[in-house]
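Keep in mind that this is a model prediction, so the values were computed, not measured.
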Amino acid sequence: MATTLTEKQIEGFHRDGFTVVPDFVDRDTCVGLRERAVGLVDEWEPGDERTVFTTDEQERHSNREFLSSGGRIWCFFEDGALDEAGELTRPKELAINKIGHAQHDLDPVFEAFSYTDDLAGVAADIGLADALALQSMYIFKQPGIGGEVACHQDSTFLYTDPLSVTGFWFALEDATIENGCLWAAPGGHTAPLRQLFKRVGDDSDGTVFEQLDSTPLPTPPEDLVPLEVPAGTLVVLDGRLPHWSDVNRSDRSRHAYTLHCISAAAEYPDWNWLQRPKDLPLRRLDRSDR
Ligand code: FE2
């Protein structure tokens, strides 16, 4: 097993709730992932599911697309990318917010990138030697349209008992304050989990938030620190760490890939919004189950 993190990085992760690993991904790999993501968008056809006519219909469709995306590759539009008739207001490749949520298992390029000894080594270094790869996202953070991501804790959206979700966030382009880098609250992972995000039925139904703790989340940006990092940097995030990203105010994109892992020993309740089809079981990051 590759040991990837330094003692300082491991200490920093436990103290701050995150750690920054420069040069984890080489430049050619960043370019290859960006090209593959653009290819996935190109190949993707929203089909009938984009044919939406009213706001209510749109919400219902987006619920179904979202709630069934745990076991497939789906492209999600930015708010404002579709007009009232459901037609794109800009070229498709500039209208996508993200691709999710199973490309780490369904696309060979993202699979090869996600399941590596180096990443399994990082997970083991921070105490997640039995990591299962649960969910992946390719985030475009488009210029001009890329919205804010409100301050949140990832364990709200991917819950296990005991808590184990860990985010691996890879900068595939330079992330700066101007183009909407991550911001995090150092030490914020020691405070309680505030909310749970639960599905209330099948894929065509909805979701609700359940309040667990009334402590306010940190207020962006003053309670957070910016993580301005060059392309190729890995940021590892504790699932309880409050983090946020601002609108992209620059004229260039800020692509990132994220992989969220959980402990194989933790229970993953079936009210989590993300559910995988039975024929697509979760797999170990270290490939010890193959
Ligand atoms: Fe997050």
Check: Phe157 ring centroid to Trp273 ring centroid under 6.0 Å
no
Determine whether the aromatic ring centres of residues Tyr257 and Phe113 are separated by less than 6.0 angstrom.
yes
[Y] versus [X], side-chain donor and acceptor atoms under 3.5 Å:
| X | Y | result |
| --- | --- | --- |
| Tyr138 | Thr258 | no |
| Asp118 | Thr116 | no |
| Ser245 | Glu148 | no |
| Asp238 | His14 | no |
| His104 | Glu111 | no |

The criterion is ring pair (Phe, Tyr, Trp, His ring centres under 6.0 Å); which residues satisfy it with Trp44, sequence neighbours excluded?
Trp74, Phe77
Nearest 0.5 Å, please: how far is [atom2] in [Y] from [atom1] in [X]?
| X | Y | atom1 | atom2 | value |
| --- | --- | --- | --- | --- |
| Leu158 | Ile262 | CG | CD1 | 8.0 Å |
| Gln275 | Ser69 | CD | OG | 11.5 Å |
| Leu237 | Ser155 | CG | OG | 11.0 Å |
| Thr190 | Arg240 | OG1 | CZ | 7.0 Å |

Ser136 versus Leu259, closest heavy-atom pair with distance:
CB-CD1, 4.0 Å
Under 4.5 Å between any side-chain heavy atoms of [X] and [Y], yes or no?
| X | Y | result |
| --- | --- | --- |
| Ser253 | Phe140 | no |
| Leu134 | Tyr268 | yes |
| Trp183 | Ile177 | yes |

Are there more than 12 heavy atoms of other residues, nucleotides or ligands under 6.0 Å from atom CD of Gln211?
yes
Listed partners of Asp16 passing salt bridge (Lys or Arg N to Asp or Glu O under 4.0 Å), at least two apart:
none
Can you sort out the partners of Asp107 under salt bridge (Lys or Arg N to Asp or Glu O under 4.0 Å), two or more places apart, ordered by chain and number?
Arg36
Just to verify, what does Glu210 make a side chain to side chain donor-acceptor pair (under 3.5 Å) with, not counting sequence neighbours?
Lys198
Checking Ala265 now: which residues fulfil side chain to side chain contact (heavy atoms under 4.5 Å, CB included) with it, not counting sequence neighbours?
Asp130, Ser263
With a cutoff of under 4.5 Å between side-chain heavy atoms, which Ile, Leu, Val, Met, Phe, Trp and Tyr residues group with Leu212?
Tyr159, Leu163, Leu193, Leu196, Trp271
May I have the step-by-step check of side chain to side chain donor-acceptor pair (under 3.5 Å) for Arg64 and Ser68, ending in yes or no?
CA-CA 6 Å; Arg64 194 175 67 214; Ser68 61; over 6 Å; no
